[in-house]
Amino acid sequence: MKKRLQNSPIGIFDSGVGGLTVVKELLKILPNENIVYFGDTARVPYGTKSKDAVIKFSSEIIDFLTKKNVKLILVACNTASALALNTIRRKVGVPVVGVIEPGAVSAVSTTRNKKIGIIGTEATIKSKAYEKTIRKIAGSCKIVNRACPLFVPIAEEGWVDRKVSEIIAGEYLKLIKKAHADTVVLGCTHYPLLKNVIGRVLGKNIKLVDSAAEVARKVKNILQNKKLLNTLKGTGHMQFFVSDAPEKFKRIGKIFLGKKILSVSKVNIT
Ligand code: DGL
């Protein structure tokens, strides 16, 4: 039974292509794992939606992934991690990993002056999920929050190095610069794509924290501890599902994943 579960896939989801930045890191340290990825492209963005809506969408995706017999669920979306993680955990019998806690841990270990900037979707910032988690770990940090709602469509457009993206980033990041934060958390899985632009605006003395690598390590640890690592060599198959526009997912997803996506299936999960 355990053997069968070892060979089962890891289920991963995001509102769209953003979660692929986490998959990219996962593949580096867990190349043998099979992956089932769901991108809710019909309903992206999540960051402007209500908590109830994000919980409903996430629950529907979890039902879909559960039918794929996944051995672990990775919520590769900050918005869903901030608003729906507890609901998801109650729904399933497999380990569930979100991206907020690993991002908060990285931020705390990176900052020297204890001033941390958090950027994310409106819903993530409003939830104060990062702030609460960072305070639990490090108590006395000063935290500056800024929602950057235009970053998701810019990243989805593939405008990773355009002048216009830099101008928008300049507007959003004014407050963070003013607060003299030395560390900024990229609190949305779409944002690592805009790392160059954000880095240019903030300057090289500010460290950008992208939780993807930390999340990947956490997944590996859990699988190791539960003896659920896939032992079959030469596996590592990826299956991609979306709720709309599979061709666009293939095209833009390639930039996020850093390699070609061979096939994407459209499914109706509602
Ligand atoms: N990539 C997601 C996140 O990490 C959601 C972006 C969105 O759909 O608004 O928050």
Side-chain angles (χ1 to χ4, degrees), residues 12-26 37-62 73-85 87-88 96-104 106-107 117-131 133 145-160 165 168-169 172 184-195 198 208-216 218-219 240 242-245 248-249 252-253 255-257 269:
I12 305 179
F13 80 92
D14 177 47
S15 59
V17 284
L20 295 174
T21 56
V22 186
V23 176
K24 191 177 170 186
E25 290 303 318
L26 207 63
Y37 184 97
F38 184 87
D40 200 0
T41 47
R43 301 186 285 200
V44 64
Y46 279 9
T48 52
K49 308 280 187 330
S50 67
K51 182 171 181 173
D52 285 351
V54 175
I55 287 179
K56 176 179 178 288
F57 300 162
S58 302
S59 298
E60 287 165 355
I61 296 169
I62 294 307
I73 287 173
L74 168 51
V75 184
C77 172
N78 287 266
T79 311
S81 297
L83 304 180
L85 207 62
T87 312
I88 297 171
V96 176
V97 177
V99 287
I100 304 269
E101 199 247 2
S106 288
I118 314 284
I119 56 174
T121 65
E122 284 172 292
T124 299
I125 296 301
K126 199 172 143 211
S127 75
K128 295 202 185 306
Y130 271 104
E131 204 169 325
T133 314
N145 291 294
R146 181 66 164 112
C148 307
L150 289 175
F151 279 179
V152 169
I154 289 175
E156 296 242 345
E157 201 59 35
W159 287 2
V160 294
S165 313
I168 292 168
Y172 281 145
V184 171
V185 180
L186 303 177
C188 171
T189 53
H190 280 72
Y191 296 2
L193 224 69
L194 300 172
K195 230 177 188 167
I198 296 170
L208 300 182
V209 168
D210 158 8
S211 61
E214 188 71 28
V215 171
K218 185 162 181 187
V219 169
F240 296 96
V242 291
S243 46
D244 200 12
K248 184 174 178 201
F249 183 92
I252 304 292
I255 315 174
F256 281 71
L257 189 62
I269 59 159

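Read the numbers this way: they start at 1 and go in the same order the structure lists the ligands and their atoms. Worth knowing before you read on, the calculation uses all heavy atoms, side chains too, and leaves out hydrogens, waters and symmetry mates.
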- Message: Using the side chain to side chain donor-acceptor pair (under 3.5 Å) criterion, which residues pair with Lys24? Sequence neighbours excluded.
- Response: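 Partners of Lys24 under the side chain to side chain donor-acceptor pair (under 3.5 Å) test: none.
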
- side chain to side chain donor-acceptor pair (under 3.5 Å) with Thr79: which residues, sequence neighbours excluded?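 For Thr79, the residues satisfying side chain to side chain donor-acceptor pair (under 3.5 Å) (neighbours in sequence not counted) are Thr121, Thr124.
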
Nitrogen or oxygen contacts under 3.5 Å, ligand 1 side and protein side:
{"unit_1": "ligand 1", "atom_1": "1 (N)", "unit_2": "Asp14", "atom_2": "OD1", "d": "3.1"}
{"unit_1": "ligand 1", "atom_1": "1 (N)", "unit_2": "Thr189", "atom_2": "OG1", "d": "2.9"}
{"unit_1": "ligand 1", "atom_1": "1 (N)", "unit_2": "His190", "atom_2": "ND1", "d": "2.8"}
{"unit_1": "ligand 1", "atom_1": "4 (O)", "unit_2": "Asn78", "atom_2": "N", "d": "2.7"}
{"unit_1": "ligand 1", "atom_1": "4 (O)", "unit_2": "Asn78", "atom_2": "ND2", "d": "3.1"}
{"unit_1": "ligand 1", "atom_1": "4 (O)", "unit_2": "Thr189", "atom_2": "N", "d": "2.8"}
{"unit_1": "ligand 1", "atom_1": "4 (O)", "unit_2": "Thr189", "atom_2": "OG1", "d": "3.2"}
{"unit_1": "ligand 1", "atom_1": "8 (O)", "unit_2": "Ser15", "atom_2": "OG", "d": "2.6"}
{"unit_1": "ligand 1", "atom_1": "8 (O)", "unit_2": "Tyr46", "atom_2": "N", "d": "2.7"}
{"unit_1": "ligand 1", "atom_1": "9 (O)", "unit_2": "Tyr46", "atom_2": "N", "d": "3.3"}
{"unit_1": "ligand 1", "atom_1": "9 (O)", "unit_2": "Gly47", "atom_2": "N", "d": "2.8"}
{"unit_1": "ligand 1", "atom_1": "10 (O)", "unit_2": "Asn78", "atom_2": "N", "d": "3.4"}
{"unit_1": "ligand 1", "atom_1": "10 (O)", "unit_2": "Thr79", "atom_2": "N", "d": "3.1"}
{"unit_1": "ligand 1", "atom_1": "10 (O)", "unit_2": "Thr79", "atom_2": "OG1", "d": "2.7"}

- Task: Measure the CG-SG distance between Asp14 and Cys188 for me, rounded to the nearest 0.5 Å.
- Result: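 Going from CG on Asp14 over to SG on Cys188, the span is 7.5 Å.
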
- Task: Decide yes or no for Val242 and Phe38: does some side-chain heavy atom of the first lie under 4.5 Å from some side-chain heavy atom of the second?
- Result: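 Of all side-chain heavy-atom pairs linking Phe38 with Val242, none is under 4.5 Å.
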
- Message: Filter on salt bridge (charged side-chain N to carboxylate O under 4.0 Å, His left out), then keep only pairs touching residues 46-61, sequence neighbours left out; what's left?
- Response: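 Matches after skipping sequence neighbours: Arg43-Glu60, Lys56-Glu60.
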
- Message: Is the ring pair Tyr46/Phe57 parallel, tilted or perpendicular, if the boundaries are 30 and 60 degrees?
- Response: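 Because their plane-to-plane angle lies in the 30° to 60° range, the rings of Tyr46 and Phe57 count as tilted.
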
